[in-house]
Amino acid sequence: TLLGLGVDKGEPFNYRAENLLQEINSSFGTNNAVKLYKYLPGSREWQAHTLGNGNDDNFPIVPGEGYFILSKTAGTVTIFGNKRTTTTSIVIPDGWSLISIYTNHPGQTGYSLLREMRNYQGIDARYLARWTGTEYEITSYTDTDTFTIRPGGGFWIYNAGQTKTFQSIL
């Protein structure tokens, strides 16, 4: 599953991959969520943290970044925290990257997000994709029939232009 941090967990960089896996497992089942991946668009490589492994990269969980979680079974989990009250700056490099968008706008779609990036923030964002649990659903900036953005969801985004920073609007 692709996911992101849809709530404020306090001081940045104190909430890490191990914390997220433990929180998911405390509400979803012991040792169900076993691995968390972070995509590094610059090198096109993955960072990974395995539950309980102190020898691998226990990277920070950062608002605006998306993550891929490996779990033994599917299910729904609620991550608790404070309501987000500030915008998030998200660096959108050229090529594909994994992001998370937090929005207070019910019904915001992938299409409207891509149009906002393109028309108001000058980012050449062409495609947005989400994992449905069985396949990827992809929308482009020209598709008006598209999926809804869910807080806490992770999304692949393709930027055909230069690296720019997106200001996520609450």
Side-chain angles (χ1 to χ4, degrees), residues 1-9 15-41 44-53 56-81 83-84 88 90-93 95-117 125-159 166 168 170:
T1 298
L2 295 177
L3 63 100
L5 197 56
V7 294
D8 182 357
K9 296 298 277 186
Y15 191 70
R16 305 186 82 74
E18 181 72 15
N19 302 113
L20 179 57
L21 289 171
Q22 287 177 0
E23 187 169 357
I24 290 169
N25 285 324
S26 71
S27 65
F28 189 54
T30 304
N31 297 328
N32 187 45
V34 293
K35 201 165 209 171
L36 192 68
Y37 296 90
K38 174 183 176 176
Y39 184 67
L40 305 171
R44 293 179 169 50
E45 295 178 338
W46 291 91
Q47 264 182 305
H49 176 72
T50 303
L51 179 66
N53 186 341
D56 63 8
D57 193 3
N58 187 16
F59 49 84
I61 304 300
V62 179
E65 291 183 356
Y67 305 94
F68 188 84
I69 188 165
L70 176 63
S71 62
K72 295 177 184 175
T73 59
T76 301
V77 175
T78 301
I79 303 297
F80 293 97
K83 182 177 179 180
R84 300 266 309 275
T88 301
I90 304 169
V91 175
I92 310 288
W96 287 100
S97 55
L98 194 50
I99 63 168
S100 176
I101 299 292
Y102 179 80
T103 180
N104 280 333
H105 305 290
Q108 182 175 25
T109 65
Y111 168 78
S112 66
L113 176 64
L114 291 172
R115 297 292 291 184
E116 179 183 331
M117 287 180 168
R126 304 264 176 111
Y127 303 101
L128 191 70
R130 72 174 180 177
W131 179 248
T132 66
T134 56
E135 64 185 4
Y136 279 101
E137 185 176 9
I138 300 173
T139 190
S140 79
Y141 69 97
T142 60
D143 294 335
T144 56
D145 183 24
T146 183
F147 54 80
T148 301
I149 301 295
R150 295 170 292 112
F155 304 91
W156 285 104
I157 189 164
Y158 182 75
N159 176 13
F166 173 68
S168 172
L170 291 180

So, the side chain of Ser140 versus the backbone of Tyr127: is there a donor-acceptor pair under 3.5 Å, distance only?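 A pair under 3.5 Å: no.
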Quick check: does any side chain N or O of Asn32 sit under 3.5 Å from a backbone N or O of Thr73, one acting as donor and the other as acceptor?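 Looks like yes, one N/O pair under 3.5 Å.
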Do Leu128 and Thr146 have side chains that get closer than 4.5 Å, going by heavy atoms?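 Of all side-chain heavy-atom pairs linking Thr146 with Leu128, none is under 4.5 Å.
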How about Leu20 and Ile69: do any of their side-chain heavy atoms sit closer than 4.5 Å?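 A side-chain contact is absent here, since even the closest heavy-atom pair is not under 4.5 Å.
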Could you tell me which non-hydrogen atom of [X] sits nearest to which non-hydrogen atom of [Y], and how far apart they are?
| X | Y | answer |
| --- | --- | --- |
| Gly52 | Glu18 | N-OE1, 2.9 Å |
| Ala129 | Ile138 | CB-CG1, 3.6 Å |
| Ile24 | Ala33 | CG2-CB, 3.7 Å |
| Asn58 | Ala17 | OD1-N, 3.2 Å |
| Asp143 | Tyr111 | O-CD1, 2.6 Å |

For a side-chain contact (heavy atoms from CB on, under 4.5 Å) check, start with the C-alpha distance between Ile101 and Phe166, then their side-chain angles and the critical distance, and finish with the verdict. CA-CA 10 Å; Ile101 299 292; Phe166 173 68; 3.8 Å; yes
From [atom1] ([X]) to [atom2] ([Y]), nearest 0.5 Å:
| X | Y | atom1 | atom2 | value |
| --- | --- | --- | --- | --- |
| Lys35 | Thr50 | NZ | OG1 | 3.5 Å |
| Leu2 | Trp131 | CG | CH2 | 8.5 Å |
| Thr142 | Leu114 | OG1 | CG | 9.5 Å |
| Leu21 | Arg16 | CG | CZ | 13.0 Å |
| Ile149 | Ser100 | CD1 | OG | 9.5 Å |
| Leu51 | Leu70 | CG | CG | 11.0 Å |

If the plane angle is over 60° it's perpendicular, under 30° parallel, otherwise tilted; pick one for Tyr67 and Phe59.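 Plane angle under 30°, so parallel.
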Hey, what's the ring geometry for Phe155 with Phe147, parallel, tilted or perpendicular (30° and 60° as the breaks)?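 It falls in the parallel class, under 30°.
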Do Tyr39 and Trp156 have their ring centres less than 6.0 Å from each other?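 Centroid distance Tyr39-Trp156: below 6.0 Å, so yes.
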Under the side-chain contact (heavy atoms from CB on, under 4.5 Å) criterion, do Met117 and Tyr141 qualify, and how do the steps go? CA-CA 10 Å; Met117 287 180 168; Tyr141 69 97; over 6 Å; no
Only counting residues at least two apart or in another chain, list the ones meeting salt bridge (charged side-chain N to carboxylate O under 4.0 Å, His left out) with Arg126.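 Arg126 satisfies salt bridge (charged side-chain N to carboxylate O under 4.0 Å, His left out) with Asp124 only.
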Can you list the residues that meet the salt bridge (charged side-chain N to carboxylate O under 4.0 Å, His left out) rule with Arg150, with sequence neighbours excluded?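 Partners of Arg150 under the salt bridge (charged side-chain N to carboxylate O under 4.0 Å, His left out) test: none.
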Please list all pairs passing the salt bridge (charged side-chain N to carboxylate O under 4.0 Å, His left out) test where one or both residues lie in residues 58-79, with sequence neighbours left out.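 Listed by first then second residue: Lys38-Glu65.
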